[in-house]
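Atoms considered below: every heavy atom in the structure, side chains included; atoms not considered: hydrogens, waters and symmetry mates.
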Amino acid sequence: MNSTKIRRTAIAVAAAALLPLSLAACSDSGGDTKAAPSAAAGDQAKTDASTPSDDTMTDDQPFGPACAGVPEEGAGSFDGMAKDPVATAASNNPALSTLVTAVKKAGLVDTLNNAKDITVFAPTNDAFAKIPKADLDKVLADKATLTKILTYHVVGQKLTPKQLENGSFETLEKGRIATSGSGESYKVNDTANVVCGNVRTANANVYIIDTVLMPK
């Protein structure tokens with residue numbers, strides 16, 4: 001009888017001694033489980049910080065459907081255009097030949113090439129083709145009118161795509177243009193679409209557009 005009581009007492013003492021150890025082990029295990037998500041969240045934060053945003057990538061690279069038509073090599077390529085001032089760079093792009101002709105007739109080649117930090121909204125040949133030929137020929141023959149139209153396409157600062165999202169800018173013609181859009185889709189004056197944007201030249205950012213802008 002006495003031995004039975006002694007045995008039960010020993011078991012109870014042993015259980016009491018082991019219980020705190022078991023609770024401590026469970027507590028440690030739970031701590032490890034909670035720490036794991038925090039570490040994963042930290043890794044995710046690092047990944048987010050090291051991954052460039054879409055806006056950053058757009059700010060650095062040309063974008064738009066017409067960019068596919070730019071030569072991959074030579075003076076008319078993006079790399080080639082980046083080495084030349086804007087009027088010279090445009091002359092190496094076949095899609096801008098009408099614009100280059102107009103710039104020459106207006107006597108603006110040196111003006112554009114010598115300007116510092118400008119933005120040019122450059123109409124394509126197709127943009128000029130939207131103007132009836134008789135009207136276009138008349139404008140090309142009128143240097144004052146031609147100069148007014150061409151300088152309306154030039155802003156005296158380098159504009160990033162981000163600035164075009166909801167912008168209003170004074171032009172060299174002293175009028176104003178309005179821009180809107182986001183991502184890789186932008187409009188100028190609600191009439192012209194940017195078809196190849198953020199093209200760099202030695203002294204300008206160029207946004208190639210599908211419609212000629214007309215000053216008011």
Side-chain angles (χ1 to χ4, degrees), residues 52 54-128 140 143 146-165 167-177 179 181 183-184 186-189 192-213 215:
D54 291 341
D55 287 342
T56 301
M57 293 179 71
T58 300
D59 282 349
D60 289 341
Q61 301 295 330
F63 63 86
C67 291
V70 175
E72 293 184 5
E73 299 179 347
S77 67
F78 291 128
D79 287 342
M81 292 178 73
K83 297 174 183 176
D84 291 322
V86 63
T88 302
S91 70
N92 293 321
N93 188 324
L96 301 177
S97 60
T98 305
L99 173 63
V100 172
T101 296
V103 168
K104 289 179 179 177
K105 284 183 175 293
L108 292 174
V109 172
D110 289 341
T111 299
L112 293 177
N113 276 348
N114 292 328
K116 294 182 182 295
D117 298 332
I118 60 174
T119 293
V120 177
F121 293 93
T124 62
N125 295 344
D126 290 341
F128 280 100
L140 291 174
K143 186 174 180 180
L146 184 59
T147 299
K148 183 178 177 68
I149 292 173
L150 293 177
T151 53
Y152 184 65
H153 289 73
V154 183
V155 173
Q157 60 178 305
K158 284 186 176 181
L159 300 177
T160 66
K162 189 72 175 174
Q163 289 174 283
L164 300 187
E165 289 183 0
S168 177
F169 308 100
E170 185 178 70
T171 69
L172 296 192
E173 181 268 338
K174 300 304 181 185
R176 297 193 74 83
I177 60 170
T179 59
E184 296 188 357
Y186 295 93
K187 278 186 172 292
V188 185
N189 287 355
N193 297 294
V194 174
V195 294
C196 184
N198 208 33
V199 179
R200 309 295 179 86
T201 74
N203 67 327
N205 286 351
V206 177
Y207 293 88
I208 300 175
I209 55 178
D210 65 358
T211 303
V212 176
L213 306 173

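Applying the side-chain contact (heavy atoms from CB on, under 4.5 Å) test to Asn193 and every residue at least two apart in sequence or in another chain returns Lys187, Asp210. Listed by chain and residue number, Thr160 satisfy the side chain to side chain donor-acceptor pair (under 3.5 Å) test with Gln163 (two or more places apart in sequence, or in another chain).
In this structure, OG1 in Thr201 is found 11.5 Å from CG in Asn92, a value given to the nearest 0.5 Å. Residue Asn198 holds its CG atom at 8.5 Å from CD of Gln61, rounded to the nearest 0.5 Å. Here the straight-line distance linking atom CZ of Phe121 with atom OG1 of Thr179 works out to 6.0 Å at 0.5 Å rounding.
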Start with the C-alpha distance between Thr124 and Ile209, add both sets of side-chain angles, then the distance that settles side-chain contact (heavy atoms from CB on, under 4.5 Å), and finish with yes or no.
-> CA-CA 6 Å; Thr124 62; Ile209 55 178; over 6 Å; no
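Ala106 approaches Thr147 most closely through the heavy-atom pair CB-OG1, 3.7 Å. Contact record, Leu99 with Ala122: CD2-CB, 3.6 Å, taken as the closest heavy-atom pair.
Note on residues 93-103: pairs passing side-chain hydrogen bond (donor to acceptor under 3.5 Å, both in side chains), not counting sequence neighbours, are Ser97-Asn125, Thr98-Asn125. Residue pairs satisfying the salt bridge (charged side-chain N to carboxylate O under 4.0 Å, His left out) criterion with at least one member in residues 96-107, sequence neighbours excluded, are absent. Sorted by first then second residue, the side-chain hydrogen bond (donor to acceptor under 3.5 Å, both in side chains) pairs that include residues 150-159, not counting sequence neighbours, are Tyr152-Asn189. Listed by first then second residue, pairs satisfying salt bridge (charged side-chain N to carboxylate O under 4.0 Å, His left out) with a partner in residues 146-155 read Lys148-Glu173, not counting sequence neighbours.
Across Val188, Thr119, Leu164, a single residue satisfies side chain to side chain contact (heavy atoms under 4.5 Å, CB included) together with Phe169, and that is Leu164.
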Would you be so kind as to tabulate the donor-acceptor pairs closer than 3.5 Å made by side chains of residues 107-118, with sequence neighbours excluded?
unit_1	atom_1	unit_2	atom_2	d
Asn113	OD1	Ala87	N	2.9
Asn113	OD1	Thr88	N	3.3
Asn113	ND2	Thr88	OG1	3.1
Asn114	ND2	Asp110	O	3.1

Output a table of donor-acceptor pairs, distance under 3.5 Å, between side-chain atoms of residues 63-86 and any protein atom two or more places apart or on a different chain; print 'none' if there are none.
unit_1	atom_1	unit_2	atom_2	d
Ser77	OG	Gly74	O	2.6
Ser77	OG	Gly80	N	3.1

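Using a 4.5 Å heavy-atom threshold, the side chains of Pro161 and Tyr207 count as touching. For the pair Leu150 and Val103, the minimum side-chain heavy-atom distance is below 4.5 Å. The closest side-chain heavy-atom distance from Leu172 to Val155 is not below 4.5 Å.
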